[in-house]
Trainee: 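Take this structure first; my questions come after.
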Amino acid sequence: MSRLFGRRAATEPDATEVMDLDAVAPPTRSRSQGWRRLFAGNRVIWVMATVAIVALVAGLGLGQLIVSPGQAAADADAPAGGLITVPIENRQLANDVTMRGDATYADSVEVSIETGELAGAPIVTGQVPEVAAIFDTASIALEVTGRPVIVLPGDLPVYRTLRVGVSGPDVLQFKQGLNAAGIDAGALDSDVFDAQTASAVTALYAKVGYPAPTGGTDVTTAVSGAEAGVTSAQASVDSANGALTTVQGTASNVDVVEQGNLVRSAERALALARTEGTPNEIADAEESVTLAVARQAQALAPRDASAEIAAVTAAKAELTRANETLSDARDGALAYLPAGEVLYLPGLPRRVDEISVKRGSSITGPVMRVSGATLVISGSATASDAALLEVGAPAVLAMPDGDQPATISSILPTEPASGAASSSAATSGRFTVLFAPDALTDEQIQAVQGSNVRVRIPVSSTEGDVLAVPLAALTAGPGGESRVEFVPGDDGAETVLVEVTTGLAAEGFVEITAVDGSLGVGDLVVVGR
């Protein structure tokens, strides 16, 4: 080792010497030596680059040789065209109008009660209905200050108390309401509240379990006083009639005989004087006869009864007034209908939707909201669809538990929204269609109320199954006739045009009948030609 190091030390110059030598004469290197040194120092990198280039070239070569199935299919020639055929079917065809409808209780209105005639505060004392309660004829809507508010059918609102003697359209409505409750109120074409109507009021209150309203003790006292007045007036009439009869009576038989005797005695004295007496005696006798006849006429003549007649007339007038007073008093004692004890509602029965009062509260406004008691489905149809519908036509409701039958109850032009310009059905193009479902259970009503349901209305259908093909199978002949292209053989090489008559078209199919009767179920026809 020392020997080696000593040799190296002896042969190699020191650093100063090397630097000097380089400065004087730098060594020369060939270009080939530089490339060798480049390859030798980066051999791994050059190997990797060579492999990548070889792989790239191989990939490009294989890409030219391998073809994907999609590209192969695209490059392949198109298959020869063939016929598209479908078999003739035997099926029932039907055209439907379909719409959506809201399930609601119609004709919702606020209910107010007349309380103006009450002496005190209008306090609700009972009979408060629950939501979903049903009001019918003679139902009790509320109890106010211990008195009932009776429900009757009608459109005219209450505006006065009805008593014996009043008349008007409200009386006529009340009579018709009583008749609807099964109570005889008299002639239904008469608008007069009479004694029979008052008796019907008593029957109505008995039906709902309350005493009928009357005038109380004051009215009873008035009736008793009027009856006493009639009795007194009748006695005065009887007394005046007695006096008149006495004055107008004929003379008694005694007076007639007495006056006759006096006349005949004077006549006998005159006859004797004419026979035996002097002229003066004859004259005196004649005057005596004249006086006797005059007295007889006076005694037997009728007396002046003008005073007695006047007394009878006055007594009868007083009796008439007394009878009128008694009649009024008795009418006042009959049952009547207070304005605050009746509630008229159109379209009974009605359903209670909302209650605004409770027992013990004071009435200051509307007391409840009611609507029609029958669930209705309200849909909207275009004018073209509405033209296909008619009242009474059947429909099918898509209920949560299955299809439910219904009937069209009305078809009316849709009214413009509040504040919108008025428009007719022709300009708006919409109609409101109401459907009345068949009998629904309480569970079904609760499930569907307030929801939106699908409604299907069949408007036309075939009577049973018919031959039918897709609409695309029809073609038109030179004369406008309808035809189908029939494939008679299994190979489908030849087809035959068959003239057909068409019927109902629905659901993409059309009813056909071959003019020559050559088509049947399962026969193949061409579509899309």
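The first residue of the sequence shown is numbered 1, and numbering continues consecutively from there. Everything numeric here is computed off the predicted structure, so don't read it as measured data.
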Trainee: When you measure from the side chain of S239 to the backbone N and O of A235, does any donor-acceptor pair fall under 3.5 Å?
Mentor: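 Such a contact is absent between S239 side chain and A235 backbone.
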Trainee: Show your reasoning for whether side-chain contact (heavy atoms from CB on, under 4.5 Å) applies to R100 and R454.
Mentor: CA-CA 5 Å; R100 305 293 300 186; R454 181 175 177 270; 3.1 Å; yes
Trainee: Enter the distance from S460:OG to L388:CG here, rounded to the nearest 0.5 Å.
Mentor: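 S460 atom OG to L388 atom CG measures 8.0 Å (nearest 0.5 Å).
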Trainee: Could you tell me if the side chain of P148 sits less than 4.5 Å from the side chain of Q127, heavy atoms only?
Mentor: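 Side-chain contact under 4.5 Å: no.
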Trainee: For T197 and D194, test the side chains for any donor-to-acceptor distance below 3.5 angstrom and give the result as yes or no.
Mentor: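 Side chains of T197 and D194: pair found under 3.5 Å.
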Trainee: State whether the side chain of S288 and the backbone N or O of D284 hold a donor-acceptor pair below 3.5 Å, judged by distance alone.
Mentor: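 Yes: the side chain of S288 pairs with the backbone of D284.
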Trainee: Just so I know, are the side chains of Q404 and V448 near enough to count as touching, which here means a heavy-atom distance under 4.5 Å?
Mentor: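 Side-chain contact under 4.5 Å: no.
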Trainee: Is there a side-chain contact between P349 and T374 in this structure, where contact means two heavy atoms from C-beta onward sitting under 4.5 Å apart?
Mentor: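 Side chain of P349 against side chain of T374, heavy atoms only: no contact under 4.5 Å found.
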Trainee: Got a donor-acceptor contact below 3.5 angstrom from the S232 side chain to the A228 backbone?
Mentor: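 No, the answer is negative, given that no donor and acceptor are paired below the 3.5 Å cut-off.
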Trainee: Would you check if Y210 and I150 make a side-chain contact, meaning some heavy-atom pair closer than 4.5 Å?
Mentor: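 The answer is no; the side chains never approach within 4.5 Å.
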Trainee: Would one find more than 12 heavy atoms of other residues, nucleotides or ligands at under 6.0 Å from atom CZ of R359?
Mentor: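 Check fails, neighbour count at 12 or below.
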Trainee: CD/Q176 to CG/D191 distance, rounded to the nearest 0.5 angstrom?
Mentor: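 Q176 atom CD to D191 atom CG measures 10.5 Å (nearest 0.5 Å).
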Trainee: Do Q296 side-chain atoms and V263 backbone N/O form a donor-acceptor pair below 3.5 Å?
Mentor: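 Judged by distance alone, no pair lies under 3.5 Å.
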Trainee: Can a donor-acceptor pair be found, under 3.5 Å and without considering hydrogens, that links the side chain of D184 to the backbone of A200?
Mentor: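 Here the side-chain-to-backbone pair does not exist.
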Trainee: Checking D465 side chain against Q92 main chain: does a donor-acceptor pair fall under 3.5 Å?
Mentor: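 Present.
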Trainee: Can you check whether V192 reaches V171 side chain to side chain, under 4.5 Å on heavy atoms?
Mentor: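 A side-chain contact is absent here, since even the closest heavy-atom pair is not under 4.5 Å.
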Trainee: Quick check: does any side chain N or O of S139 sit under 3.5 Å from a backbone N or O of D136, one acting as donor and the other as acceptor?
Mentor: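 Yes: the side chain of S139 pairs with the backbone of D136.
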Trainee: Has the side chain of T125 got a donor or acceptor atom that lies under 3.5 Å from a matching backbone atom of E143?
Mentor: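 Here the side-chain-to-backbone pair exists.
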Trainee: Answer yes or no: is there an ion pair linking E286 with R274, defined by an N-O contact shorter than 4.0 Å?
Mentor: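 The answer is yes: the pair qualifies as a salt bridge.
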Trainee: Using side-chain heavy atoms (C-beta onward) and a distance below 4.5 Å, is L343 in contact with V158?
Mentor: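 Not in contact.
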Trainee: Is R163 positioned over the aromatic face of Y336, cation under 6.0 angstrom from the ring centre and no more than 45 degrees off axis?
Mentor: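 Positive - R163 is close enough to the ring of Y336 and near enough to its axis.
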Trainee: Main chain of S371, side chain of S108: is a donor-acceptor contact present, judged purely on distance under 3.5 Å?
Mentor: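 Such a contact is absent between S108 side chain and S371 backbone.
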Trainee: Rounded to the nearest 0.5 Å, what separates atom CG in L337 from atom OG1 in T161?
Mentor: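 Reported to 0.5 Å precision, the distance equals 7.5 Å.
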Trainee: Do P346 and P153 have side chains that get closer than 4.5 Å, going by heavy atoms?
Mentor: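 Sidechains of P153 and P346: no contact.
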Trainee: Rounded at 0.5 Å granularity, tell me how far CG in L204 sits from OG in S199.
Mentor: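 Rounded to the nearest 0.5 Å, the CG-OG separation comes out at 12.5 Å.
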Trainee: Is it the case that Y205 and E341 place a side-chain donor and acceptor less than 3.5 Å from each other?
Mentor: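 A pair is found: one side chain offers a donor N or O, the other an acceptor, under 3.5 Å apart.
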Trainee: Hey, mind stepping through Y344 and D170 against side-chain contact (heavy atoms from CB on, under 4.5 Å) and telling me if it holds?
Mentor: CA-CA 10 Å; Y344 292 107; D170 52 345; 5.9 Å; no
Trainee: T513 and side chain to side chain contact (heavy atoms under 4.5 Å, CB included): which single residue from V500, T501, T502, V466 fits?
Mentor: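 That would be T501; it is the only one of V500, T501, T502, V466 passing the side chain to side chain contact (heavy atoms under 4.5 Å, CB included) with T513.
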Trainee: Do the non-hydrogen side-chain atoms of T382 and R430 ever get within less than 4.5 Å of each other?
Mentor: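 When only atoms from C-beta onward are counted, R430 and T382 do touch, with a gap below 4.5 Å.
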Trainee: For atom CD of E481, decide whether the heavy atoms of other residues, nucleotides or ligands shown that lie under 6.0 angstrom number more than 12.
Mentor: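 Above 12, so yes.
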Trainee: To the nearest 0.5 Å, what is the distance between OH (Y105) and CD1 (I445)?
Mentor: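 These two atoms lie 4.5 Å from each other.
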Trainee: Is it the case that the side chain of Q234 and the backbone of L319 share a donor-acceptor pair, with hydrogens and angles ignored and the cut-off at 3.5 Å?
Mentor: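 No.
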Trainee: Between L440 and M399, is the side-chain contact (heavy atoms from CB on, under 4.5 Å) condition met? List the steps.
Mentor: CA-CA 11 Å; L440 300 178; M399 301 282 284; 4.1 Å; yes
Trainee: Please report the interatomic distance CG(N179) to CG(L152), rounded to the nearest 0.5 Å.
Mentor: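 So the CG of N179 and the CG of L152 are separated by 11.5 Å.
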Trainee: When you look at CZ of R295, are more than 12 heavy atoms from neighbouring residues, nucleotides or ligands closer to it than 6.0 Å?
Mentor: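 No, because the 6.0 Å sphere around CZ of R295 holds 12 heavy atoms or fewer from other groups.
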Trainee: For E318, is there an ion pair with R321 - N to carboxylate O distance below 4.0 angstrom?
Mentor: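 Yes, R321 and E318 are salt-bridged.
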